[in-house]
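Everything below concerns the one structure shown next.
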Amino acid sequence: MEVVKRASAKGCVVTRSPEETQALGHDLALLLQPGDVVALRGDLGAGKTCLIQGVCNGLQVEDVVNSPTFILVNEYAGKIGTTDVPVYHFDLYRLTHPAELVDLGIEDYIDAGGVSLFEWAERGAELLPVPRWDIELVQTTDDERRISWTYGR
Ligand code: ADP
Ligand code: MG
């Protein structure tokens, strides 16, 4: 039952403010389970960090959530229900080759049972495991973002 629900999880919305994007992230967080991988694609300013702030809020993270651009990964303490779940926030913008993810110990992070969130997921390409959430953000006007998501392989 659960598998069917997640396999068919997909959608698309247009948000008209950072707050609406964060609210969407909060809603999407309610679909997440420990071990999930979330791959976000979209240009600079598309709203990836903004959406992740909402996801982290939905995962009961109390730390300040900002892009880990210089150190590649931030770790936060999250929860799903009453279960403690680590949240790993990667920003692959500065990755020069997907293989660097191996050096970073990406498999250990993913196997640790946390939720792994990737900005600039396209730079990690085929090294990001499936099944996973894929989220694409497109800036349509100054304040509008078209955000679509799917879960699967
Ligand atoms: P990214 O991480 O993709 O580079 P950020 O989330 O850091 O993007 O930045 C998005 C920027 O766009 C912020 O300055 C935010 O205030 C602005 N913005 C305007 N409208 C929206 C919207 N609908 N959703 C998200 N961000 C928006
Ligand atoms: Mg960002």
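Whatever order the structure lists ligands and atoms in, that order sets their numbers, starting from 1. This chain uses plain numbering: 1 for the first residue, then up along the sequence.
If you check which protein heavy atom lies closest to atom 8 (O) of ligand 1, you get G47 N, 3.1 Å. Remark: minimum distance from atom 23 (N) of ligand 1 to any protein heavy atom is reached at D143 O, 2.9 Å. For atom 24 (N) of ligand 1, the nearest non-hydrogen atom of the protein is T21 OG1, 2.6 Å. Scanning all protein heavy atoms for the shortest distance to atom 7 (O) of ligand 1 gives T49 CB, 3.7 Å.
Within a 4.0 Å radius of atom 14 (O) of ligand 1, the protein contributes no non-hydrogen atoms.
Using a 4.0 Å cut-off between heavy atoms, L51 makes no contact with ligand 1 at all. Looking at T15 against ligand 1, both its backbone and its side chain come within 4.0 Å, counting heavy atoms.
Taking every non-hydrogen atom of D142 and a distance limit under 4.0 Å, the qualifying atoms of ligand 1 come out as 19 (C), 20 (N). Residue D43 approaches ligand 1 through these ligand atoms, each under 4.0 Å from one of its heavy atoms: 3 (O). Ligand-side atoms of ligand 1 in range of L44: 4 (O), range being under 4.0 angstrom from any heavy atom.
The closest approach between D91 and ligand 1 stays at or above 4.0 Å for every heavy atom of the residue. Assignment of G42 to the shell around ligand 1 is not supported, since no heavy atom sits closer than 4.0 Å. Close to ligand 1: P18, with a non-hydrogen atom less than 4.0 angstrom away. Remark: distances from the non-hydrogen atoms of R16 to ligand 1 include one below 4.0 Å.
If you check the side chains of W149 and D134, you find no donor sitting under 3.5 Å from an acceptor. Side chains of T15 and E144: no donor on one and acceptor on the other come within 3.5 Å. With hydrogens and angles left out, the side-chain atoms of E75 and H89 include no donor and acceptor closer than 3.5 Å.
The option with the heavy atom closest to atom 3 (O) of ligand 1, from among K48, R146, Q22, is K48. With distances taken over non-hydrogen atoms, the option nearest atom 4 (O) of ligand 1 out of S17, C50, G45 is G45. Across the listed options E19, E20, E119, R145, R145 owns the non-hydrogen atom lying nearest to atom 17 (C) of ligand 1.
For the pair V14 and R146, the minimum side-chain heavy-atom distance is below 4.5 Å. Taking 4.5 Å as the limit, some side-chain heavy atom of L92 sits within range of a side-chain heavy atom of L101. Side-chain contact between Y151 and P131 is present, with at least one heavy-atom pair separated by less than 4.5 Å.
Tested against V55, the residues D27, V65, L32, V61 include a single side chain to side chain contact (heavy atoms under 4.5 Å, CB included) partner, L32.
For the pair R145 (side chain) and G45 (backbone), a donor-acceptor distance under 3.5 Å is present.
Side-chain rings of F90 and Y109 approach one another, their centers coming within less than 6.0 Å.
Between the CD1 atom in I135 and the NZ atom in K10 there is a gap of 15.0 Å [rounded to 0.5 Å].
The Mg ion (ligand 2) has an N, O or S atom of T49 closer than 2.8 Å.
The atom of E119 that is an N, O or S and sits closest to the Mg ion (ligand 2) is OE1.
The two residues P34 and V85 come nearest to each other via the heavy atoms CG-CG2, 4.1 Å.
Looking at R16 and D143, no side-chain N of the basic residue comes within less than 4.0 Å of a carboxylate O on the acidic one, giving no salt bridge.
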